[in-house]
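Residue numbering restarts at 1 for every chain, and letters A, B, ... go by the order of the sequence lines.
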Amino acid sequence: MKPKADNNGYSESEDFIRARIRSDLESGIKKPVTRFPPEPNGYLHIGHAKSICLNFGIAEEFGGECNLRFDDTNPSKEDIEYEEAIKEDVRWLGFDWEDRIYYASDYFEQLYEYALQLIGEGKAYVDDLSAEEIREYRGTLSEPGRESPSRERSVEENLRLFQAMRNGDFDDGQYVLRAKIDMASGNMNMRDPVMYRIMKKSHPRTKDSWSIYPMYDWAHGQSDSIEGITHSLCTLEFEDHRPLYDWFIAQLGIFHSRQIEFARLNLSYTVLSKRNLMKLVSEGFVSGWDDPRMPTISGLRRRGYTPESIKDFCRKIGITKQDSVIDMELLEHSVREDLNRRAQRMMVVLDPLKVVIVNYPEGKEEELDAVNNPEDPSMGKRKVPFSRELFIERDDFMEDPPKKFYRLSPGSEVRLRYAYIVRCVGFERDPATGEVTEVHCEYDPDTRGGSAPDGRKVRGTIHWVSAKSASRVTVRLYDRLFTVPNPMADKQREFTEFLNPDSLRILENCAAEPALGDCAGDINCQFERKGYFVLDSVDSVSGAPVFNRTVSLRDSWSRQSGGKVG
RNA sequence: UGGGGCAUCGUAUAAUGGCAGUACAGCGGACUCUGAAUCCGCUAGUCUAGGUUCGAAUCCUAGUGCCCCAGCCA
């Protein structure tokens, strides 16, 4: 194979799963059938996106199918609330399961029949050991387990007890059904794993018709088999479940799906486990599963990430079996790349400082042409109003600028984007606080539109908004959720101790171009020189828009100046 | 020797016995009406030690490091 690579960060060569599928296709399998099998017990996150892109992506690429299956085998943890959210997220990413939506609970009856079969063949037994006793009997990682006294129970007795378990004749925990495999196996999963537990709990779909529920290992592989899943893709921690997965299928003599494991996604400066995300939500560290700081699909969506950027990210990170932590900056790169291509440019002043153009006639107002997207001329131009009083960013003016400060300072010239070249002729400050309150400039009428007919070079170009017609908008600046790359690394400390106290800054008084005052819908735009922003879908109300910063623009100036400015 | 898995620039990933490549990050430059984008360049890697071979990231041997497993969770 040629080591070819394009310029988009992913090579044309296949990952090991696609390579295996291609080879399986050559040796007889007609088409690959995959599945995305979430448990409806939380919201999907970017790690699930990796799995979704893999499973649905393979189906698309190889002319196969990908099912959506809810792994709803534990009614004590699952909730119908999550189901719709999961479906919405998968759809939003752009994938379609058509009519192939399944539930593990659809197979409860079949699973029960399979269990009867194994009991009948002496390969499963009802155990009356308590949970604690089962743990003791299981042994440890380095010592073999001991066989339960129940292991010798007769087939007839097992059948009778198992049926009684189903009938609800027993209390929770009184009995379990176990596979009879090998209590001395080095693989803990093979030490007579529990197949069913008694749980007198109503199920969202099957209601009260079951008082026993199958365990993951018993339900998952058989569900795969029933659906004709050819390649059952899951994460690395299930690697040592594969012998059990294969054992059940072999004993039953049913269609043999093949489990293949890949490394789960880890992202720097965040956490990616439902348990920990749940904690952030339930303990109020964030506003909800869709808080724009969350690595959930719904959070990223609300943050302004596009489906394309997430899919591109998933393609770039690849599929391997190596534990890894992907740099958050790669995700940010993907969204910048996408939004740069499509986002409408706007001028918005986040931290307004008043500028008076002293030689510009009072009361005069004119409209100037601004380009909507320099990357895409088809997006056209718009008019922006200009007048004597403007706002610029407070940090675009310095009384005492450092070297290479290309913005406004006393005596210096700067270009107001799409407007005029102006020179700072003075400023006022609040005598009490020393804060600059107003900057005075003179404009050069010959530079209308921002060009310099005399050919003079002006290094700095800054954005501005006409004071009179500015819309007041709220802007939320988001930063990484945690202050350390891996919040879980320190075993001595709770990960929430590493939460970034500045992960959200709210700016209530930003000055925007008039058009932004009453916009609606999914609006991704670039605030020039500031970053990509999206209209918040939850907190925006008509006439009072709220914008979330998706990601800042790359900023070599703040890096160069040590982050002190800009 | 409890079982299973993984080791390639800072971070990811490619090379399947034949030039260690790509992306992100970093650094420098060009260009620029966004200190953006774009373009050009630079820095930087095969866990260790042996062995096989004309040739090893790749095969063999022995180490080392890291991850997962003792739920009636998934």
Side-chain angles (χ1 to χ4, degrees), chain A residues 1-13 15 19 37-39 41 71 73-74 76-77 127 130-131 134-135 138-145 172-173 175-176 178 184-191 194-199 213 215-217 219-220 234 236-243 261 263 268 274-275 316-327 329-334 336-337 340-341 345 347 371 374-375 404-407 415-419 421 449-452 458-463 485 526-531 553-561 566:
Chain A
M1 189 180 297
K2 295 284 190 306
K4 280 193 294 188
D6 62 22
N7 292 323
N8 293 320
Y10 41 89
S11 67
E12 288 178 14
S13 61
D15 56 71
E39 183 187 17
N41 69 343
D71 222 343
T73 57
N74 187 351
S76 71
K77 284 193 164 184
D127 198 348
S130 69
I134 286 182
R135 181 172 6 104
R138 188 152 32 224
T140 68
L141 293 176
S142 55
E143 303 157 29
D172 286 16
Y175 290 98
V176 291
R178 293 229 256 169
S185 172
N187 183 344
M188 301 299 276
N189 296 112
M190 301 300 272
R191 319 243 264 225
V194 172
M195 296 166 63
Y196 278 97
R197 73 281 217 184
I198 298 171
M199 200 187 291
Y213 291 97
M215 300 289 291
Y216 165 85
D217 285 300
H220 201 94
C234 64
L236 247 30
E237 66 269 26
F238 292 103
E239 217 153 15
D240 51 14
H241 291 239
R242 179 155 29 93
E261 311 85 12
S268 63
K274 276 189 201 167
R275 188 178 163 276
K316 279 176 171 151
I317 60 178
I319 299 290
T320 69
K321 297 188 71 159
Q322 300 174 36
D323 290 315
S324 64
V325 182
I326 308 284
D327 204 324
E329 302 199 63
L330 187 59
L331 217 209
E332 295 180 341
H333 167 77
S334 289
R336 283 194 187 105
E337 190 174 57
N340 176 51
R341 216 161 34 224
R345 271 55 171 175
M347 292 200 286
V371 173
E375 305 290 321
K404 294 194 177 175
F405 182 79
Y406 303 141
R407 309 176 188 181
R415 175 185 293 105
L416 296 176
R417 187 143 162 91
Y418 299 126
I421 293 172
S451 58
V458 176
R459 274 310 286 267
T461 299
I462 65 175
H463 62 286
Q526 183 195 98
F527 293 178
E528 293 214 33
R529 302 205 304 134
K530 285 292 153 188
L553 257 29
R554 276 175 54 103
D555 184 359
S556 56
W557 166 245
S558 79
R559 260 183 282 135
Q560 174 190 328
S561 62

Look for any protein N or O under 3.5 Å of an N or O in nucleotides 26-29 of chain B and output each such pair with its distance, or none.
residue : atom : partner   : partner atom : Å
rG26(B) : OP1  : Arg559(A) : NE           : 3.3
rG26(B) : OP2  : Arg554(A) : NH1          : 3.2
rC27(B) : OP2  : Arg559(A) : NH1          : 2.7

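- For Arg336(A), there are no side chain to side chain donor-acceptor pair (under 3.5 Å) partners, not counting sequence neighbours.
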**OP:** Mark up nucleotides 66-74 of chain B, 5' to 3', with B wherever a protein heavy atom is under 4.0 angstrom from a base atom, S wherever such an atom reaches only the sugar-phosphate, and - elsewhere.
**Re:** -SBBBSBBB
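- In this entry the distance linking CZ of Arg191(A) with P of rG3(B) reads 11 Å, nearest Å.
- Here, rG65(B) and rA23(B) have their P atoms 35 Å apart, quoted to the whole Å.
- Rounded to the nearest Å, the gap between the C1' atom of rU48(B) and that of rC54(B) is 26 Å.
- Among the protein residues, Val325(A) comes within range of the sugar-phosphate backbone only, with heavy atoms under 4.0 Å from sugar or phosphate atoms but none that close to a base.
- If you check every strand for non-hydrogen atoms under 4.0 Å, Arg341(A) touches nothing.
- At whole-Å resolution of the value, NE2 in His333(A) and P in rU13(B) are 17 Å apart.
- In this structure, the NZ atom of Lys321(A) is 18 Å from the P atom of rA12(B), given to the nearest Å.
- rC19(B) and rG4(B) have their C1' atoms separated by 37 Å, given to the nearest Å.
- With sequence neighbours excluded, the residues satisfying ring-ring contact (aromatic ring centres under 6.0 Å, His included) with Phe238(A) are Tyr216(A), His241(A).
- The C1' atoms of rG63(B) and rG26(B) are separated by 35 Å, rounded to the nearest whole Å.
- Residue side chain Gln322(A) does not reach the base of rU13(B) through any donor-acceptor N/O pair under 3.5 Å, judged by distance alone.
- Comparing rA37(B), rA36(B), rA23(B) by their closest approach to the side chain of Lys316(A) singles out rA23(B).
- Remark: Arg345(A) is not in phosphate contact with rU34(B), judged by side-chain N or O atoms under 4.0 Å from OP1 or OP2.
- Here Tyr175(A) pairs with Phe170(A) under the ring-ring contact (aromatic ring centres under 6.0 Å, His included) rule; sequence neighbours left out.
- Separating the CD1 atom of Ile317(A) from the P atom of rA25(B) is a distance of 16 Å, rounded to the nearest angstrom.
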Subject >> 5'-to-3' dot-bracket of RNA chain B (Watson-Crick, G-U; under 3.5 angstrom; crossing pairs as [ ]; | other strand) >> reply: .((((((..((((....[..)))).(((((.......)))))....(((((..]....))))))))))).....
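- When the C1' atom is used for both rC42(B) and rA25(B), the distance is 14 Å, rounded to whole Å.
- Scanning for side chain to side chain donor-acceptor pair (under 3.5 Å) contacts around Arg415(A) gives Thr461(A), with sequence neighbours left out.
- With sequence neighbours excluded, the residues satisfying salt bridge (Lys or Arg N to Asp or Glu O under 4.0 Å) with Arg341(A) are Asp338(A).
- Listed by chain and residue number, Glu133(A) satisfy the side chain to side chain donor-acceptor pair (under 3.5 Å) test with Ser130(A) (two or more places apart in sequence, or in another chain).
- With rounding to whole Å, His463(A) atom NE2 is found 13 Å from rG35(B) atom C1'.
- If you check every strand for non-hydrogen atoms under 4.0 Å, Ser451(A) touches a base.
- Here the side chains of Tyr213(A) and Ile198(A) are not in contact, with every heavy-atom distance at 4.5 Å or above.
- Atom OG of residue Ser185(A) and atom CE of residue Met188(A) lie 9.0 Å apart, to the nearest 0.5 angstrom.
- Here the options are Arg178(A), Arg197(A), Arg138(A), the test is salt bridge (Lys or Arg N to Asp or Glu O under 4.0 Å), and the partner is Asp127(A); only Arg178(A) passes.
- Every side chain to side chain donor-acceptor pair (under 3.5 Å) that Ser76(A) has, sequence neighbours left out, goes to Asn74(A).
- The 5' end of RNA chain B is approached more closely, in terms of each residue's nearest nucleotide, by Thr320(A) than by the other of Leu330(A) and Thr320(A).
- Comparing rU13(B) with rG51(B), their C1' atoms are spaced 30 Å from each other, to the whole Å.
- Glycosidic torsion of rG4(B) falls outside 90° of 0, placing the base in anti.
- One P atom belongs to rA7(B), the other to rA12(B), and the distance between them is 12 Å to the nearest Å.
- Nucleic acid contact class of Glu143(A) (heavy atoms, under 4.0 Å, all strands): none.
- When the P atom is compared between rC59(B) and rU16(B), the two are found 11 Å apart, to the nearest whole Å.
- The distance from atom CD1 of Ile462(A) to atom CE of Met347(A), rounded to the nearest 0.5 Å, is 10.0 Å.
- Annotation: salt bridge (Lys or Arg N to Asp or Glu O under 4.0 Å) contacts of Lys274(A) (sequence neighbours excluded): none.
- When rounded to the nearest whole Å, the span between CG of Leu331(A) and P of rA23(B) equals 19 Å.
- Shown here are the salt bridge (Lys or Arg N to Asp or Glu O under 4.0 Å) partners of Arg417(A), two or more places apart in sequence or in another chain: Glu528(A).
- The Ser556(A) side chain lies nearest to rA36(B) when the options are rU34(B), rA36(B), rU32(B).
- Rounded to an integer number of Å, the gap from CD1 of Ile326(A) to C1' of rU11(B) is 8 Å.
- Counting to the nearest Å, the P atom of rA12(B) and the CD1 atom of Ile319(A) are 15 Å from each other.
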